[in-house]
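Just below is one structure, and these are the notes that go with it.
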Amino acid sequence: MAREKIEKKERMKIPRQPMPAQEPMDRIKNFNEVALGFTEELALAEADRCLECKKPKCVDGCPVGIDIPGFIVAIQQADFEGALAIIKKDNTLPAICGRVCPQEDQCEIVCVTGKKAEPVAIGRLERYVADWEMAQEGEVKMPELPPASGFKVAVVGSGPAGLACAADLALRGHKVTIYEALHKPGGVLVYGIPEFRLPKKIVQEEIGNLEKLGVEIRCNFVIGKTASVEELFSEYGFDAVFLGTGAGLPYFMGIPGENYIGVLSANEFLTRVNLMKAFAFPDFDTPVRLGDNVAVVGSGNVAMDCLRTAKRLGAKNVICLYRRTRDESPARLEELEHAEEEDIDFRWLASPVEIYGNEEGLVTGARVQVMELGEPDDSGRRRPVPIEGDQYDIELDQLIMGIGQGPNPLVTKSTKGLELNRWGNIVVDEETMMTSIDGVFAGGDIVTGAATVILAMGAGKKASEGIDAYLRGTAEASKTA
Amino acid sequence: MGMIVSIEEIAPAFKRYVVESPEVARKHEAGQFVIVLMGEHAERIPLTIADTDPEAGTITLVVQEVGKSTMEMGTMKAGDPIQVVGPLGKATHIENFGTCVCIGGGAGIAPMLPIARALKDAGNKVVSILGGRNEELIILRPEMIEASHEMIYTTDDGSFGKKGVVTDALKEYIEEHGKPDLVIAIGPAIMMKFVALMTKDYEIPTVVSLNTIMIDGTGMCGGCRVAVGGDSKFVCVDGPEFDAHEVDFDLMMKRQRIYLEEEEIARKRFLEQHACRATDGVEVS
Ligand SMILES: Cc1cc2nc3c(=O)[nH]c(=O)nc-3n(C[C@H](O)[C@H](O)[C@H](O)COP(=O)(O)OP(=O)(O)OC[C@H]3O[C@@H](n4cnc5c(N)ncnc54)[C@H](O)[C@@H]3O)c2cc1C
Ligand SMILES: Cc1cc2nc3c(=O)[nH]c(=O)nc-3n(C[C@H](O)[C@H](O)[C@H](O)COP(=O)(O)OP(=O)(O)OC[C@H]3O[C@@H](n4cnc5c(N)ncnc54)[C@H](O)[C@@H]3O)c2cc1C
Ligand code: SF4
Ligand code: SF4
Ligand code: FES
């Protein structure tokens, strides 16, 4: 069903299509997805806005280089299956990336349409085709697998890096086992990012597809404890190992009062609510504490998720404390806007310096230091500096630290000969993604530090190429030896 | 995924579980624990590995029924599936110290067993002081006798051994035999606190194993943190054993009580749903 092409001049006149969403005052009472997705009509109208650039800037902006005009033209022709095939060449998890990519900093920031009007909503279109596929009746079409290579690869961690790496290796004919420390696969997609932003059904569907490719997933298996990396080779008989263990170590600020009851890491808060379903206590056994007044420190995606989760759990006053301003806020724009609509009290240029508690050890409040922006630092952002004498107190029942995570040292410390940088991240060869240990590869947050889903996925995919070349190389070598 | 091989009641509200988990059985060292999960709605609960049989691929857990999850575990049957992950935490530092006094209180006797054994195997003289409310609650006696050179018992009611608490027995021991080279204490936080205070005065190196509330058990959430020597430490990965003289027990005890209200709700709800089951012996320690 080919649709008629629209004149280029006309295209610029079509406004960016709005994303249907739950009303703010309704959605803060539930955990259902906020952004509801384009209808076919909206998707077609949005696709018509693309100018089909000869040298598409958007493709350079996408970390995995999806052929964006290619798939958008397919949408214009209502060929959603074709569009999906184009996306899947470079992105294994479009339903996820379409929802959580910071598009405004990647593909959309460089979109040519964006120079005169608003950029094409590339992420929303990507989500549309992925959702379209899931809504189709019957089985998802599975690619045909090549004959078995005879090689076994262990993938450690089931976040986007591990999932992408495993899928690609399976498609190359290797036998893959994923080892996951938690009792559910998905990494941050499952324990971190809340349901209202990324329905878990979608992650489960992707994981189900992976299992259909013959990938085995072993949960409750901690590499560095249940078995070491060395043992994966010597006792479990793997020919290569991929480490995608993420950035799971929560940072605290090191200010007085951090051990009071009610001060917790974003990881603990989100894990209780998302992975353990504490919002449904006592139907689910894991509880989560909350009070009327909740503050979250930080203003990235993690902090936004905590703020909006606290709101949904019924907190009355939810405060965001961030030491810089809205402009420097690292969160996706959409999350920031959604949080603002949900009545979050943003305190820019504010940072807690001390936490107060009572006799029973319960947190009661915090002293907040007011900041101003000074000279730019190494990252080019203006450094926040405290304004002397300008402090105030807030009343709190809970304080959540959403200031970032480091690499979890369980694997890195227990593996001899693994080269790390000074932050504890694994060092890899940028071409092959191989670490300092022969046959051990790594990618995702464990290499880059906390980054994004699409970068982790891209790294997993790239590592699968390195692993494939390595395996076929060693096979050749052992044949000639 | 593991499976329950057998369950046996060893004292009122104490059960011994043999659980199939070959990988954990093979890697376990004294001092380590597992996290178990009983199903889709369950919470993750940490339990010390009391014993292993690497040949059979099984581990032994000794569990005191104190709340919803441990009571629910008590309703399981041989053959039931149970998720097990581990072995987690650092292993006990074992060497030939000389004379070691191993103090176990209540459910703390279970985690003490593999440690006492390892100390004995390393050539130490092992003196065990076991305490409980009454005779019945001093669990694992035959196993502890085998793992020790000398046994001292204390009960609150004097029904068995000396009447009193473990610190009384420790003091008596030190006054009679002089200072041991190492004290290890595992039990309720309040017991560990008083042991630590006493051995600090005597300047005896002392190790305690902490049982804070945990979720993941892999260093990912920080929920298990305690203050040790002024620094924040994660019990699940930096411990569970720490220098007793550096631990802030008062803070730890407060943090253990974070979810008291919710635990009570869950416990009551469970008991109502299982009204047919006797509630004898269930007492939160
Ligand atoms: C709350 C939150 C919100 C976010 N929002 C966004 C967003 O909107 N958009 C975006 O692009 N990015 C977002 N991110 C960042 C993004 O999720 C991460 O960059 C990405 O998940 C990294 O993928 P990964 O595969 O490297 O690691 P992870 O997703 O962290 O997965 C690592 C997995 O390895 C497992 N593991 C760790 N150690 C071991 C071990 N020793 N043995 C076995 N398994 C192990 C872990 O349990 C985990 O499942 C967010 C992150 C968080 C925490
Ligand atoms: C490293 C470690 C080893 C342990 N080993 C043993 C053991 O060998 N045998 C044994 O009987 N018990 C052991 N425990 C304690 C056991 O985990 C708790 O008794 C159990 O989680 C209580 O759950 P519940 O729902 O039955 O009771 P609840 O009513 O939930 O809690 C009763 C008390 O247990 C503690 N607790 C609650 N939830 C947790 C949690 N998720 N993690 C840790 N503690 C919690 C709290 O202090 C609470 O006051 C250990 C704990 C730790 C941290
Ligand atoms: S994967 Fe992300 S960056 Fe790439 S096109 Fe899709 S939304 Fe844009
Ligand atoms: S830059 Fe924008 S207009 Fe050009 S091809 Fe990419 S999406 Fe279309
Ligand atoms: S239990 Fe989460 S860090 Fe220890």
Side-chain angles (χ1 to χ4, degrees), chain A residues 180-184 191-192 218-222 224-228 231 235-236 245-252 254 258-272 275-278 280-289 357-362 401 405 408-410 413, chain B residues 1-2 21 23-24 26-28 32 34-45 67-69 72 83-89 213 215-227 231-232 234 237 248 250-259 261-263 265-270:
Chain A
E180 168 55 50
L182 292 171
H183 57 278
K184 273 198 192 133
Y191 79 72
R218 285 273 332 249
C219 288
N220 294 317
F221 201 110
V222 188
K225 290 288 176 190
T226 318
S228 65
E231 285 166 336
E235 313 216 349
Y236 290 74
T245 50
L249 178 76
Y251 287 147
F252 288 86
E258 274 186 337
N259 288 328
Y260 282 126
I261 297 170
V263 181
L264 65 171
S265 73
N267 274 2
E268 177 180 353
F269 182 62
L270 294 173
T271 301
R272 281 182 182 275
L275 183 70
M276 308 309 297
K277 309 242 183 314
F281 177 86
D283 279 336
F284 282 77
D285 291 344
T286 306
V288 64
R289 258 195 92 89
N358 64 15
E359 290 274 286
E360 286 129 66
L362 291 163
M401 295 290 178
Q405 301 98 242
N408 188 319
L410 264 186
K413 284 240 174 85
Chain B
M1 184 65 80
S21 186
E23 285 102 354
V24 179
R26 191 165 67 155
K27 290 285 279 193
H28 165 253
Q32 291 185 299
V34 288
I35 282 191
V36 307
L37 188 80
M38 282 172 282
E40 199 40 39
H41 292 234
E43 65 180 338
R44 298 168 60 97
I45 57 171
K68 149 107 212 276
S69 298
E72 186 168 37
Q83 301 191 52
V84 181
V85 55
L88 301 172
I213 292 180
I215 306 177
D216 59 300
T218 64
M220 184 269 272
C221 75
C224 61
R225 69 194 188 279
V226 286
D231 292 330
S232 271
F234 291 3
V237 284
D248 183 342
D250 292 330
L251 180 71
M252 176 185 148
M253 284 188 270
K254 285 176 189 157
R255 289 189 58 87
Q256 278 183 327
R257 299 166 57 87
I258 300 179
Y259 287 105
E261 272 171 47
E262 289 83 357
E263 284 156 5
I265 294 171
R267 201 172 80 104
K268 280 216 182 96
R269 198 164 173 260
F270 177 82

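Just the heavy atoms: all of them, side chains too, but no hydrogens, waters or symmetry mates, feed the values below. Letters A, B, ... are given to chains in the order of the sequence lines, protein chains preceding strands, and every chain is numbered from 1.
With chain A as the partner, the residue from Ser232(B), Cys221(B), Gly222(B) showing the most heavy-atom pairs under 4.5 Å is Cys221(B). Interface summary for chain B: among Pro287(A), Pro409(A), Gly248(A), the most heavy-atom pairs under 4.5 angstrom belong to Pro287(A). Of the listed residues (Ala266(B), Pro87(B), Gly217(B)), the greatest number of heavy-atom pairs within a distance under 4.5 Å of chain A belongs to Pro87(B). Of the listed residues (Gly89(B), Ser69(B), Ser21(B)), the one with the most heavy-atom contacts under 4.5 Å to chain A is Gly89(B). Heavy-atom pairs under 4.5 Å with chain B peak, among Asn267(A), Thr286(A), Ile261(A), at Ile261(A). The greatest number of non-hydrogen atom pairs below 4.5 Å with chain B, out of Leu362(A), Leu264(A), Val288(A), is found for Val288(A). Ranked by heavy-atom pairs shorter than 4.5 Å toward chain A, the options Arg44(B), Arg257(B), Gln32(B), Lys68(B) are led by Arg44(B).
Heavy atoms of Phe269(A) lying under 4.5 Å from chain B are absent altogether. For Ile213(B), the part sitting under 4.5 Å from any heavy atom of chain A is the side chain, from C-beta outward, and nothing else. Residue Leu249(A) touches chain B through both its backbone and its side chain, counting heavy-atom pairs closer than 4.5 Å. Proximity to chain B (any heavy atom under 4.5 Å) is restricted, for Thr271(A), to the side chain, taken from C-beta onward. Using a 4.5 Å cut-off between heavy atoms, Lys277(A) makes no contact with chain B at all. Neither the backbone nor the side chain of Tyr251(A) comes within contact range of chain B; no heavy atoms are under 4.5 Å apart. Only the side chain of Phe281(A) comes within less than 4.5 Å of a heavy atom in chain B; its backbone stays farther off.
A salt bridge is defined here as a Lys NZ or Arg NE, NH1 or NH2 lying under 4.0 Å from an Asp or Glu carboxylate O, and Asp283(A) with Arg269(B) meets this definition. Comment: Arg26(B) does not engage Glu231(A) in a salt bridge, judged by the lack of any side-chain N to carboxylate O separation of less than 4.0 angstrom. A salt bridge between Glu43(B) and Arg272(A) is absent, with no side-chain N of the basic residue lying under 4.0 Å from a carboxylate O of the acidic one. Ionic pairing of Arg225(B) and Glu258(A) is not present here: no N-O contact between side-chain nitrogen and carboxylate oxygen is shorter than 4.0 angstrom.
Shortest non-hydrogen contact noted between Leu182(A) and Asp216(B) is CD2-CB, 4.1 Å. Taking every heavy atom of both residues into account, Pro250(A) and Gly219(B) meet most closely at CD-O, 3.6 Å. In this structure, Arg289(A) and Ile258(B) approach most closely via the heavy-atom pair NH1-O, 3.2 Å. Shown here for Thr218(B) and Ala181(A), the closest heavy-atom pair between the two residues is CG2-CB, 4.5 Å.
Side-chain contact check for Val84(B) versus Asn220(A): every heavy-atom pair is 4.5 Å or farther apart.
Between the side chain of Lys254(B) and the backbone N or O of Glu359(A) there is at least one donor-acceptor pair closer than 3.5 Å. Judged purely by atom type and a 3.5 angstrom limit, Lys225(A) has no side-chain atom pairing as donor or acceptor with the backbone of Val24(B). Proximity of a side-chain donor or acceptor of Asn259(A) to a complementary backbone N or O of Leu251(B) within less than 3.5 Å is not detected.
Interatomic distance, CG of Leu37(B) versus SG of Cys219(A), reported as 11.0 Å (0.5 Å rounding).
By the ring pair (Phe, Tyr, Trp, His ring centres under 6.0 Å) test, Phe284(A) is found to be paired with His41(B), residues two or more places apart in sequence or in another chain being considered.
By the 6.0 Å contact criterion, CD on Glu235(A) is enclosed, its count of non-hydrogen atoms from other residues, nucleotides or ligands being greater than 12.
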Next item on the list: For side chain to side chain contact (heavy atoms under 4.5 Å, CB included), just list the numbers for Glu72(B) and Asp285(A), CA-CA rounded to whole Å, side-chain angles, deciding distance to a tenth of an Å, and then say yes or no.
Entry: CA-CA 11 Å; Glu72(B) 186 168 37; Asp285(A) 291 344; 3.9 Å; yes
